[in-house]
Colleague: 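If you scroll down you'll find the structure; I have some questions about it.
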Amino acid sequence: VQLQACGGGLVQAGGSLRLSCAASGLTFSYYNMGWFRQAPGKERVFVAGISRSGASAQYAASVKGRFAISRDNDKKTVYLQMNSLKDEDTAVYSCAADRAIITQPPVTRPDDYEYWGQGTLVTVSS
């Protein structure tokens, strides 16, 4: 299984970025997907998650209203649209996959996710 995240970079505060995570080696539509981030010297934390069908999404309070998670099951890709970026959004962003039943909403604990991508760095400058 591979999860390949990309789209990170350097952006000014108030700007936008779109992250992508392409999956291979798994039946993508069987998995809830999540985005997590880890800032320097801090623990990895949940950012956003999306259910298998895309019908249900969940966000950390710190990003709600600014970030949007989506997925394309045909392309086996999950996205994270990040708007109104702030300095505190600077982190390495990683995608993760959680094998789930169809009715299960996305979960927030990193330990519940079976597969992880390598991460992409987002740096927000003020």
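Hydrogens, waters and symmetry mates are skipped; everything else that's a heavy atom, side chains included, is used. Just so it is clear, the structure is predicted and the values come from calculations on it, not from any experiment.
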Colleague: Quick one: side chains of residues 102-110, donor-acceptor pairs under 3.5 Å with protein atoms, not counting sequence neighbours, listed by atom name and distance.
Modeller:
residue : atom : partner : partner atom : Å
Gln104  : NE2  : Asp98   : OD2          : 3.3
Arg109  : NE   : Asp112  : OD2          : 3.2
Arg109  : NH2  : Asp112  : OD1          : 3.0

Colleague: Do the non-hydrogen side-chain atoms of Thr77 and Phe28 ever get within less than 4.5 Å of each other?
Modeller: no
Colleague: Please name the pair of heavy atoms, one in Ser70 and one in Val78, separated by the smallest distance, quoted to 0.1 Å.
Modeller: O-CG2, 3.2 Å
Colleague: Determine which pairs satisfy ring pair (Phe, Tyr, Trp, His ring centres under 6.0 Å) with at least one residue from residues 44-74, sequence neighbours left out, and list them in order.
Modeller: Phe36-Phe46
Colleague: Could you tell me whether the side chain of Met82 reaches within less than 4.5 Å of the side chain of Val11, counting heavy atoms only?
Modeller: no
Colleague: Sorted by first residue and then second, give each disulfide (SG to SG under 2.5 Å) pair with at least one member in residues 55-85; sequence neighbours left out.
Modeller: none
Colleague: If you look at every heavy atom in Leu3 and Ala23, which pair is closest and at what distance?
Modeller: CD2-CB, 3.5 Å
Colleague: Ignoring hydrogens and geometry, is there a side-chain-to-backbone donor-acceptor pair from Gln4 to Gly117 under 3.5 Å?
Modeller: no
Colleague: Can you check whether Arg37 reaches Asp89 side chain to side chain, under 4.5 Å on heavy atoms?
Modeller: yes
Colleague: Going by the rule salt bridge (charged side-chain N to carboxylate O under 4.0 Å, His left out), which residues pair with Arg52 if we only count those two or more places apart in sequence or in a different chain?
Modeller: none
Colleague: Assess whether side chain to side chain contact (heavy atoms under 4.5 Å, CB included) is satisfied between Ser16 and Gln81, documenting all intermediate values.
Modeller: CA-CA 7 Å; Ser16 299; Gln81 178 67 43; 4.0 Å; yes
Colleague: Determine whether a donor-acceptor pair (N or O, by modelled atom type, separation under 3.5 Å) exists between the side chain of Arg71 and the backbone of Gly54.
Modeller: no
Colleague: Please report, to 0.1 Å, the donor-acceptor pairs under 3.5 Å made by any side chain of residues 119-126, with sequence neighbours excluded.
Modeller:
residue : atom : partner : partner atom : Å
Thr120  : OG1  : Gly8    : N            : 3.1
Ser126  : OG   : Asp87   : OD2          : 3.3

Colleague: Just grab all the disulfide (SG to SG under 2.5 Å) pairs involving residues 3-46, residues at least two apart or on different chains.
Modeller: Cys21-Cys95
Colleague: Has the side chain of Arg44 got a donor or acceptor atom that lies under 3.5 Å from a matching backbone atom of Ser94?
Modeller: no
Colleague: Check for me, please, whether Tyr93 and Tyr113 land in the same ILVMFWY cluster - side-chain distances under 4.5 Å, paths through other members count.
Modeller: no
